[in-house]
Amino acid sequence: MNIQKIRHLRNTYSYGLIFRRFFLITAGSILQAFAMAVFLFPHAIPSGGGAGIAVILNHAFSIPISIGLWLANFVFLVCTVSYLGSVSAFGTIFVITVTSVSVNFFEVFVEPPFGNVWIDLLFGSVLLGSGVAILIRQRVSNGGIGYVALAIYKYKRINPGTSLFWMNGIIFAFTAYVIDWKIIILAVMCQWLSTRMINWIYQFPSPKSTYKPAWRKK
């Protein structure tokens, strides 16, 4: 096999991997947006810290949740981009933009199918965890507050899960205080169910490509 053909196959393989990763990141973003817009946000259940702030902004100032979600996550991201680098930040900006646009689309065009808070909580948490798990498997943060947790871990060596728990907890408590105290119970249950789903999906082995070019050593 000549050198040009080898390079062509190598480039084709690389482009395939890039396209696959782009598709999975987009799919994960849309899936988590579907869970938020159709099942969680109709009951003011925040799926995370950024979503909690979006719910508060919507309740207090009637700012659309999709816009509030983007703004909250973008502010978190801007505050920490200098600590983690612009390349990773670009991927997170893409995720929060696709998620916010998708939330707006689903809120306008998709009617919640159940209307029962407990059924919606179950479906929303499972779909949310599935979407976030897809993003994590692609090494992309699902929001700006997750980026803050990574920055804290890098410089303070505090486990990201611990810092994320406390940041989300404070925002959930404030959301519950402003809107309704039962929200904090629903939010914690959502976090528990979605993280169980994340852990379950994250343990799946990555699918191996059927095409594996062999490179001959010089």
Side-chain angles (χ1 to χ4, degrees), residues 10-40 46-51 69-70 72-74 76-77 80-81 83-103 105-106 121-154 157-165 167-168 187 189-213:
R10 187 175 183 179
N11 290 336
T12 302
Y13 181 68
S14 299
Y15 292 146
L17 290 178
I18 292 172
F19 176 79
R20 178 178 177 275
R21 190 174 187 221
F22 174 80
F23 172 80
L24 289 173
I25 291 174
T26 303
S29 303
I30 294 175
L31 186 57
Q32 73 166 356
F34 181 76
M36 294 176 188
V38 178
F39 297 104
L40 301 178
S47 57
L69 184 67
W70 192 90
N73 281 298
F74 185 75
F76 281 128
L77 187 63
T80 52
V81 65
Y83 298 99
L84 294 176
S86 58
V87 175
S88 179
F90 176 79
T92 303
I93 289 175
F94 176 78
V95 169
I96 63 178
T97 300
V98 173
T99 300
S100 299
V101 172
S102 300
V103 164
F105 174 85
F106 291 130
L121 176 65
L122 176 61
F123 276 85
S125 300
V126 169
L127 292 175
L128 175 69
S130 301
V132 174
I134 292 173
L135 296 174
I136 291 176
R137 285 175 68 94
Q138 300 306 310
R139 302 295 189 268
V140 175
S141 171
N142 68 309
I145 196 167
Y147 217 62
V148 175
L150 292 176
I152 292 174
Y153 173 75
K154 183 177 180 180
R157 310 312 295 178
I158 298 175
N159 190 296
T162 301
S163 57
L164 196 59
F165 173 83
M167 286 188 291
N168 283 337
M189 292 181 67
C190 175
Q191 288 287 296
W192 186 85
L193 288 170
S194 62
T195 51
R196 299 288 78 73
M197 198 68 190
I198 291 170
N199 292 337
W200 182 61
I201 294 177
Y202 192 74
Q203 291 174 358
F204 287 170
S206 299
K208 296 181 180 179
S209 174
T210 55
Y211 170 59
K212 293 183 179 180

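For the pair I198 and G129, the tightest heavy-atom approach, listed with the atom from each and the gap, is CG1-O, 3.3 Å. The shortest non-hydrogen separation linking M197 to V126 is CG-O, 3.5 Å.
When side chains are defined from C-beta on, F23 does not count as touching R20, because their heavy atoms never get closer than 4.5 Å. Side-chain atoms of R137 and L24, non-hydrogen and from C-beta on, never get closer than 4.5 Å to each other. Between C190 and L128, the closest side-chain pair of non-hydrogen atoms falls below 4.5 Å. The shortest distance between side-chain heavy atoms of V98 and I30 falls below 4.5 Å.
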Test F94 against T26 for side-chain contact (heavy atoms from CB on, under 4.5 Å), laying out the working first.
CA-CA 8 Å; F94 176 78; T26 303; 3.5 Å; yes

Please assess V95 against T99 for the test side-chain contact (heavy atoms from CB on, under 4.5 Å), listing each intermediate value before the final yes or no.
CA-CA 6 Å; V95 169; T99 300; 4.0 Å; yes

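Atom CD of Q191 and atom OG of S125 lie 8.5 Å apart (nearest 0.5 Å). Atoms CG and CE, from L31 and M36 in turn, are 10.0 Å apart once rounded to the nearest 0.5 Å. I93 contributes atom CD1, which lies 6.0 Å from atom CD1 of I96 (distance to the nearest 0.5 angstrom). Separation of atoms CG (L121) and CG (L193) is listed at 6.0 Å; rounding is to 0.5 Å.
Considering only residues two or more places apart in sequence or on other chains, F34 meets the side-chain contact (heavy atoms from CB on, under 4.5 Å) condition with V38, F39, F106, V110, L127.
For the pair R196 and W192, the cation sits on the ring face: its NZ or CZ lies under 6.0 Å from the ring centre, inside 45° of the axis.
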